[in-house]
Amino acid sequence: MKFDVNAIDKKWQQYWKDHKTYRTTNDKDKPKFYVLDMFPYPSGAGLHVGHPLGYIASDIITRSKRQQGFNVLHPMGFDAFGLPAEQYAIDTGVHPSESTAKNTKRYKEQMESLALSFDWDRAVNTSDPNYYKWTQWIITQVFDSWYDNKADKARPISDLIAHLSSHGTRDLAAAETEPLDISAEAYNAMSAREQSEVLMNYRLAYRGDSSVNWCEALGTVLANDEVKDGRSERGNHPVVQRAMTQWKLRITAYSERLLAGLDTVDFSDGLKAQQRNWIGRSTGAQAFFDIEGHDKQLEVFTTRPDTIFGTTFMVVAPEHDLVPELTTPEQQKEIDDYLAYVGSRSEVDRQAETKVTGAFTGSYCINPFTKKRVPIYISEYVLKDYGTGAIMAVPSDDDRDERFAKKFGIEIIDVIDKSDYPGATNKDKVGKMINSDFLNGLEVADAIKVATEKLVEMGIGQGQVNYRIRDLLFSRQRYWGEPWPIIYDADDVPHAVAPADLPVELPPMDDFRAVAGESPLERATDWKITPAGRRETDTMPATAGSNWYYLRYMDPNNDGEFVAKDVVDYWQDVDLYVGGAEHAVSHLLYSRLTHKFLYDMGKVPTREPYKKLLNQGMIGAPIVSIHLGIMLSEDGQRHPVWIGSGVAENSPLEIEGFGKGHLVLDEAALTRKVPLRMVEETSVDNEMMYRIYKEQIDELASDDAQDAAYFRTVLGQADTFVWETDKNGKQYLELSYQMGKMSKSKHNVINPDDICARYGTDCFRMYEMFLGPIDQAKPWSVSGIDGVYRFLRRFWNLFTSDSDALKVSDAEPAKEEMKVLHTLIKKVSEDIEKLSFNTCVSAFMVATNDLGKMKCNKRAVLEPMTRLIAPFAPHIADELYHALGGEGSVHLAPFPEVEEKWLVKDSFTYPIAFNGKTRLTLDFPAGASKEDIEAAAKENPDVQKQLEGKTIRKVIVVPKRMVNFVVG
RNA sequence: GCCGUCGUGGCGGAAUUGGUAGACGCGCUGGAUUCAAAAUCCAGUUUCUUCGGAAGUGUGGGUUCGAUUCCCACCGACGGUACCA
């Protein structure tokens with residue numbers, strides 16, 4: 001029996017594969033537990049050490065639940081559609097289906113070598129037609145549905161058609177793009193095309209005009225969450241606003257339920273807050289202002305109807321529909337100039353500077369409360385897409401309105417006396433109303449109510465709730481996604497493709513470059529034209545496939561349904577979902593939406609897809625840089641040189657072959673990143689340092705690794721090195737470093753394969769868990785992994801003799817030994833439940849150290865330990881379990897249960913504190929009463945010494961905790 | 001600006017309901033073993049100290065017999081978000 005980690009890894013990985021140890025059946029007799037990892041997009045770079053953090057954590061939960069008798073669903077799959085694969089294809093000419101297949105294979109191999117206990121027979125791939133058939137089926141269901149606000153659920157479109165043809169829009173409370181007023185007669189008299197347009201106003205998947213994020217470089221529109229700071233999240237290309245007709249999902253119909261559902265799930269507060277912010281619910285009032293000399297009114301949304309008396313001007317968005325009508329001839333030029341200015345500014349410009357700009361239209365509104373004329377301006381600071389695209393401006397109580405008023409010389413009327421609330425800002429919504437006629441003297445909260453009632457009474461407004469969230473843009477003009485399963489007939493009326501005709505497969509294409517905002521599928525003419533009409537050529541975004549994948553794992557090979565009813569009734573929902581926080585809004589919000597829709601359709605039994613969510617923290621790595629300087633030699637020559645990070649400008653230098661001189665650092669003294677592998681991590685005077693040694697560089701000549709080639713290129717950029725010498729006489733350069741995200745371009749990616757090959761998979765798994773709390777960001781550092789390796793070796797040594805032979809005794813274990821075992825079982829069981837894996841590893845170390853000191857080799861202690869450590873170190877556990885004569889795999893053996901009788905203590909060690917400061921400890925029997933302890937403590941000579949010359953004012957005794965003397 | 005998370009030795013981090021701050025590991029120091037090295041093992045390692053002790057969990061206050069933990073104010077780091085009416 002040898003502690004050969006690589007051989008043990010290989011042996012057991014093969015065993016588990018051969019025996020299908022992790023196969024999960026839909027066995028309804030056992031209690032279920034569903035542990036899900038966010039499935040990855042399989043990129044060409046493979047996994048780095050940051051990825052497995054979550055995978056290992058969920059695997060530990062999975063294995064322990066399995067050992068506890070649960071039927072555990074723990075699947076993995078691939079989010080294979082999407083922009084990156086397609087961009088890669090365009091860059092390299094490799095078809096996305098090919099690169100995806102290759103990367104998927106690599107990911108699977110890496111995951112297998114990490115001993116992640118997935119049931120690979122249930123794997124899904126979103127780009128597989130057998131999978132996206134059901135993605136398309138779901139979207140046809142969404143297309144053929146509308147949202148009934150009265151029933152507060154989605155209903156079939158046929159119900160809506162029946163309603164429209166018998167009652168028109170009367171008594172219809174539906175989620176809609178815009179309010180319609182159509183009689184039954186009018187509806188029935190419409191052409192098929194016109195009726196279809198009416199239905200589009202209500203469908204949950206609909207085609208509509210709007211201003212969208214257009215990315216020229218990617219040739220497609222993007223959803224709001226795919227745009228960051230006016231640039232595309234993928235590729236960092238500029239994004240502009242453009243009016244286009246696009247497919248959308250009516251997520252706004254579900255705003256309220258998406259908010260309410262957050263209270264029922266176990267997600268972190270931060271994540272819930274992010275979703276709430278994204279939905280952005282705000283309560284206020286709708287109000288209509290008369291426009292002087294016009295029939296039309298200007299509609300605004302305000303959260304502060306109490307401040308209408310302070311409204312001294314109006315502002316509408318530059319893109320607002322009424323702008324042309326409002327603009328008077330005298331103001332035409334000014335408005336045109338301003339619109340031209342706005343048009344010239346990109347999203348990035350607009351966000352970068354928040355100058356006060358605007359222009360007067362020449363028109364006026366009438367303030368409904370004061371009856372005064374208030375001028376109407378246009379300005380960038382009012383957004384077309386929020387509220388009604390128009391505001392009533394109250395310069396006294398809104399900072400932006402105030403800045404605008406000051407710039408344009410508009411009157412400011414104070415309407416709120418905040419003197420009772422020192423330090424209150426406008427956002428606090430507090431104070432007493434002044435200069436406001438019937439509102440005077442009211443507190444703001446009351447005034448809001450009264451003012452809203454007044455608006456209703458006057459018939460010019462009402463209370464209203466507004467949301468920031470927009471309908472979800474669900475079209476992409478790209479190739480690598482699910483085609484929208486829609487066919488337009490001869491009248492251009494869209495129809496969902498019948499279930500029997502799904503999937504609508506992607507046509508094979510070689511050139512799928514997007515051209516001028518047109519989907520590449522437009523060019524697949526044979527595919528596009530069908531007997532029933534022309535196909536929709538837009539594809540769906542990557543979220544389409546990932547929105548519902550957790551359901552497909554339950555029943556991955558079902559040809560007749562996306563998931564069978566009895567199966568989903570058994571598995572229900574995800575008990576624990578593990579993944580990165582970067583999906584806080586997009587993926588999690590959209591899959592919650594899909595789930596709620598399926599719930600309305602009666603297809604899933606639960607209201608929320610994910611019960612509990614765990615976000616693993618990012619693992620950072622040092623980005624190490626080498627410094628370039630110039631040596632100005634005495635003869636005036638300039639030589640670029642590599643120097644240590646600590647060498648200051650003007651330091652005298654002397655280099656063989658270059659002569660004497662001094663160091664110059666200028667703009668060109670760039671720092672170059674170096675691959676981590678070439679770098680030595682050391683600690684000098686307790687300071688963490690990174691060094692590169694001369695002897696390592698000398699070795700590079702014989703190394704043909706990619707890193708080395710890069711490094712040689714870097715090193716070629718200077719004439720020589722200015723070496724420093726350490727105490728052993730070795731020459732080195734000191735490097736500077738900072739912590740950062742792992743990325744290929746920073747040369748700080750650490751591949752788990754390398755670590756596993758060197759230390760074994762079990763060591764890697766335990767080390768990742770040992771790094772710290774799972775949900776916190778932390779730096780990767782190789783130092784420390786040796787400690788975990790040593791621990792595993794010591795753990796192994798408990799079972800073996802010096803000559804590596806199994807040496808386990810059947811003798812009765814001592815009480816102390818059983819206490820160590822059960823303390824460990826208790827700690828590990830509790831901490832797994834708390835998702836506190838780092839403390840589990842510590843507990844294993846403590847127990848191993850203790851048993852090592854006791855020289856314990858009793859089977860009754862060691863055998864349960866193999867079952868206990870199995871979720872963490874699956875290979876070594878199975879090896880030792882079998883060595884002890886275990887049958888089957890340790891991973892199907894019962895998880896040890898704590899026996900409290902071994903944990904009962906006869907006595908407790910009490911800290912004895914004086915005025916709260918602990919000075920000594922004393923042992924008292926476990927059953928001792930407060931009085932006994934106090935009396936015994938007072939008699940103790942050490943205590944008396946502490947009490948000398950002092951008066952005891954009070955003695956606090958907490959049994960089984962501590963004793964505190966309050967003295968004076 | 002707003003929302004959220006987090007501040008503990010040289011480093012990663014631990015500390016149950018408010019009850020011995022620094023578990024465990026790394027690193028470092030000294031020692032054993034060795035021809036030597038690696039590996040392994042043992043001891044020490046918060047800071048200051050007049051060697052009696054004293055201080056100490058970002059800063060300043062508060063509650064308490066007792067605060068890393070609870071409350072208030074502030075400072076800093078990270079993540080998200082932003083003319084959102």
Side-chain angles (χ1 to χ4, degrees), chain A residues 228-229 268-274 276-278 280 282 284 300-304 307 315 350-351 353-356 379-383 385-394 397-401 403-404 425 427 466-469 581-582 584-585 615 617-618 620 681-688 739 767 770-773 775-788 790-791 793-794 797 827 830 834 836 838-846 848-849 852 909-921 953-958 960-967:
Chain A
K228 291 255 158 17
D229 300 325
S268 69
D269 290 343
L271 194 127
K272 286 185 183 184
Q274 269 188 61
R276 289 198 186 101
N277 289 342
W278 192 263
S282 62
V300 299
F301 172 75
T302 177
T303 56
R304 300 296 303 274
T307 61
V315 187
R350 206 173 144 148
Q351 286 176 14
E353 43 165 346
T354 53
K355 264 195 303 189
V356 179
S379 173
E380 261 190 332
Y381 85 86
V382 173
L383 308 175
D385 281 332
Y386 186 75
T388 62
I391 63 160
M392 47 171 253
V394 184
D397 280 276
D398 183 290
D399 299 340
R400 292 152 309 167
D401 295 349
R403 270 185 284 144
F404 194 88
T425 66
K427 288 192 192 271
N466 219 325
Y467 301 91
R468 193 187 82 111
I469 193 170
E582 64 272 22
V585 173
N615 287 124
M618 194 192 77
E681 186 181 322
T682 113
S683 167
V684 178
D685 296 335
N686 282 338
E687 288 268 344
M688 187 67 85
M739 282 295 164
Y767 181 58
F770 191 55
L771 283 172
D775 54 350
Q776 261 169 47
K778 47 192 129 348
W780 172 268
S781 158
V782 259
S783 73
I785 195 165
D786 293 304
V788 175
R790 280 197 279 269
F791 150 70
R793 181 74 228 214
R794 280 200 301 273
N797 288 346
K827 175 80 177 153
E830 284 172 0
K834 285 193 291 188
S836 173
N838 54 329
T839 51
C840 288
V841 180
S842 296
F844 278 117
M845 289 173 170
V846 171
T848 302
N849 291 347
T909 304
Y910 285 77
I912 311 298
F914 300 86
N915 288 338
K917 306 231 183 279
T918 304
R919 288 290 175 263
L920 56 123
T921 60
R953 297 196 191 280
K954 202 174 173 185
V955 182
I956 289 140
V957 179
V958 183
K960 299 186 184 181
R961 281 256 186 263
M962 46 66 67
V963 177
N964 188 17
F965 287 91
V966 184
V967 294

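Chain naming here is simple, since letters A, B, ... match the order of the sequence lines and numbering starts at 1 in each. Here the structure is a predicted model, which is why all the values come from computation and not from measurement.
- B:rG19: Watson-Crick or G-U partner is B:rC65, with both key distances under 3.5 Å.
- Spacing of C1' atoms, B:rU57 relative to B:rG7, comes out at 9 Å, to the nearest Å.
- B:rG66 atom P lies 9 Å from atom NZ of A:K954, rounded to whole Å.
- Across the C1' atoms, B:rU59 and B:rG27 are found 30 Å apart, a figure rounded to whole Å.
- Atom-to-atom, CG of A:L271 to P of B:rU5 comes out at 12 Å; the value is rounded to the nearest Å.
- What you find for A:N915 and A:V967 is that their closest heavy atoms are OD1-N, 3.0 Å.
- For A:R961, taking side-chain heavy atoms from C-beta onward, the closest of the listed nucleotides B:rG19, B:rC65, B:rU81 is B:rG19.
- The A:M845 side chain lies nearest to B:rC24 when the options are B:rC24, B:rC83, B:rG13.
- When the P atom is compared between B:rU8 and B:rC84, the two are found 35 Å apart, to the nearest whole Å.
- Among the atoms of the strands shown, none is found under 4.0 Å from any heavy atom of A:S268.
- Relative to the side chain of A:F301, the nucleotides B:rG66, B:rA85, B:rC6 differ in distance, and B:rA85 lies closest.
- Under the Watson-Crick and G-U wobble criteria, each requiring two contacts below 3.5 Å, nucleotide B:rG44 is paired to B:rC28.
- Across all strands, A:L383 comes closer than 4.0 Å to base atoms (heavy-atom distances).
- Summarising the geometry, the separation between CZ on A:R794 and C1' on B:rA39 is reported as 13 Å, rounded to the nearest angstrom.
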Self-check item: A:M962 vs A:T918, side chain to side chain contact (heavy atoms under 4.5 Å, CB included): CA-CA, chis, key distance, verdict
Solution: CA-CA 9 Å; A:M962 46 66 67; A:T918 304; over 6 Å; no
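- Side-chain atoms of A:R919 stay outside donor-acceptor range of the base of B:rU20, with no qualifying N/O pair under 3.5 Å.
- Among the protein residues, A:R790 comes within range of the sugar-phosphate backbone only, with heavy atoms under 4.0 Å from sugar or phosphate atoms but none that close to a base.
- The shortest distance between the side-chain N/O atoms of A:N838 and the OP1/OP2 oxygens of B:rA14 is below 4.0 Å.
- With the nearest nucleotide of RNA chain B identified for both A:G784 and A:M962, A:M962 has the one nearer the 5' end.
- Taking all atoms of both residues into account, the shortest heavy-atom contact from A:V300 to A:T388 is CA-OG1, 3.4 Å.
- Partner assigned to B:rG79 is B:rC3, using Watson-Crick or G-U wobble distances below 3.5 angstrom.
- The side chain of A:K917 sits closest to B:rA55 out of B:rG19, B:rG13, B:rA55.
- Glycosidic torsion of B:rG4 falls outside 90° of 0, placing the base in anti.
- Taking atom CD1 of residue A:I912 and atom P of nucleotide B:rC65, one finds them 19 Å apart after rounding to whole Å.
- B:rA55 sits 42 Å from B:rA39 when the P atoms are compared, rounded to a whole Å.
- The only option from A:D398, A:V382, A:V356 that meets the side chain to side chain contact (heavy atoms under 4.5 Å, CB included) definition with A:F404 turns out to be A:V356.
- Picking from B:rA23, B:rC83, B:rU81 the nucleotide with the shortest atom distance to the side chain of A:R468 gives B:rU81.
- For the pair A:R276 and B:rC84, the criterion of a side-chain N or O lying under 4.0 Å from OP1 or OP2 is not met.
- For the pair A:M392 and A:K834, both in contact range of RNA chain B, the more 5′-proximal nearest nucleotide belongs to A:K834.
- When the C1' atom of B:rA85 is taken as reference, atom CG of A:D385 falls 14 Å away, rounded to whole Å.
- Base pairing of B:rG9 is not made with any nucleotide, judged by Watson-Crick or G-U wobble geometry with both donor-acceptor distances under 3.5 Å.
- As judged by a 4.0 angstrom heavy-atom cut-off over every strand, A:N849 is placed among residues touching the sugar-phosphate backbone only.
- Note: A:Y767 and A:W780 meet the aromatic proximity criterion, with ring centroids under 6.0 Å apart.
- Minimum heavy-atom separation, A:A584 to A:Q274: CB-OE1, 3.4 Å.
- B:rG18 adopts an anti glycosidic conformation, its chi angle falling more than 90° from 0.
- In this structure, CZ of A:R400 is placed 7 Å from C1' of B:rC84, rounded to the nearest angstrom.
- If you check B:rU33 for Watson-Crick or wobble pairing at under 3.5 angstrom, you find it has no partner at all.
- Between A:T918 and B:rA21, a side-chain N or O to OP1/OP2 separation shorter than 4.0 Å is present.
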Quiz item: Does the side-chain hydrogen bond (donor to acceptor under 3.5 Å, both in side chains) test come out yes or no for A:S842 and A:T839, once each step is laid out?
Solution: CA-CA 5 Å; A:S842 296; A:T839 51; over 6 Å; no
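- Atom pair A:N797:CG and B:rC41:C1' shows a separation of 12 Å (rounding to whole Å applied).
- As rounded to the nearest Å, B:rA23 and B:rG12 have C1' atoms that lie 13 Å from one another.
- A:A273 comes within 4.0 angstrom of sugar-phosphate atoms only, judged by non-hydrogen atoms across all strands, and of no base.
- Within the nucleic acid shown, A:V846 comes within 4.0 Å of sugar-phosphate atoms alone, with no base atom in reach, counting heavy atoms only.
- Atom C1' of B:rG1 sits at a distance of 43 Å from the matching atom of B:rC48, rounded to the whole Å.
- Among the nucleotides B:rU5, B:rA85, B:rG66, the one closest to the side chain of A:I391 is B:rA85.
- Each of B:rA14, B:rG4, B:rG25 was ranked by its minimum atom distance to the side chain of A:F770; first place goes to B:rG25.
- A:K827 comes within contact range of no nucleotide atom at all, as no heavy-atom separation falls under 4.0 Å.
- Set against B:rA82, B:rG13, B:rA85, the side chain of A:K778 has B:rG13 as its closest nucleotide.
- A gap of 22 Å separates the P atoms of B:rG56 and B:rG52, to the nearest Å.
- Ring geometry, A:Y386 versus A:F301: the interplanar angle exceeds 60°, so the pair is classed perpendicular (tilted spans 30 to 60°).
- Under the Watson-Crick and G-U wobble criteria, each requiring two contacts below 3.5 Å, nucleotide B:rC74 is paired to B:rG58.
- Within 4.0 Å (heavy atoms only), A:T921 reaches at least one base atom of the nucleic acid.
- Listed nucleotides: B:rU5, B:rA85, B:rA15. Nearest to the side chain of A:V382: B:rA85.
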Exercise. Show your reasoning for whether side chain to side chain contact (heavy atoms under 4.5 Å, CB included) applies to A:T921 and A:I912.
Key: CA-CA 5 Å; A:T921 60; A:I912 311 298; 5.7 Å; no
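- The P atoms of B:rG79 and B:rU16 are separated by 29 Å, rounded to the nearest whole Å.
- With a cut-off of 3.5 Å on both pairing distances, B:rC84 has no Watson-Crick or G-U wobble partner at all.
- Rounded to whole Å, atom P of B:rG4 lies 18 Å from atom CD of A:Q776.
- The nearest pair of heavy atoms linking A:L771 to A:K778 is CB-CD, 3.5 Å.
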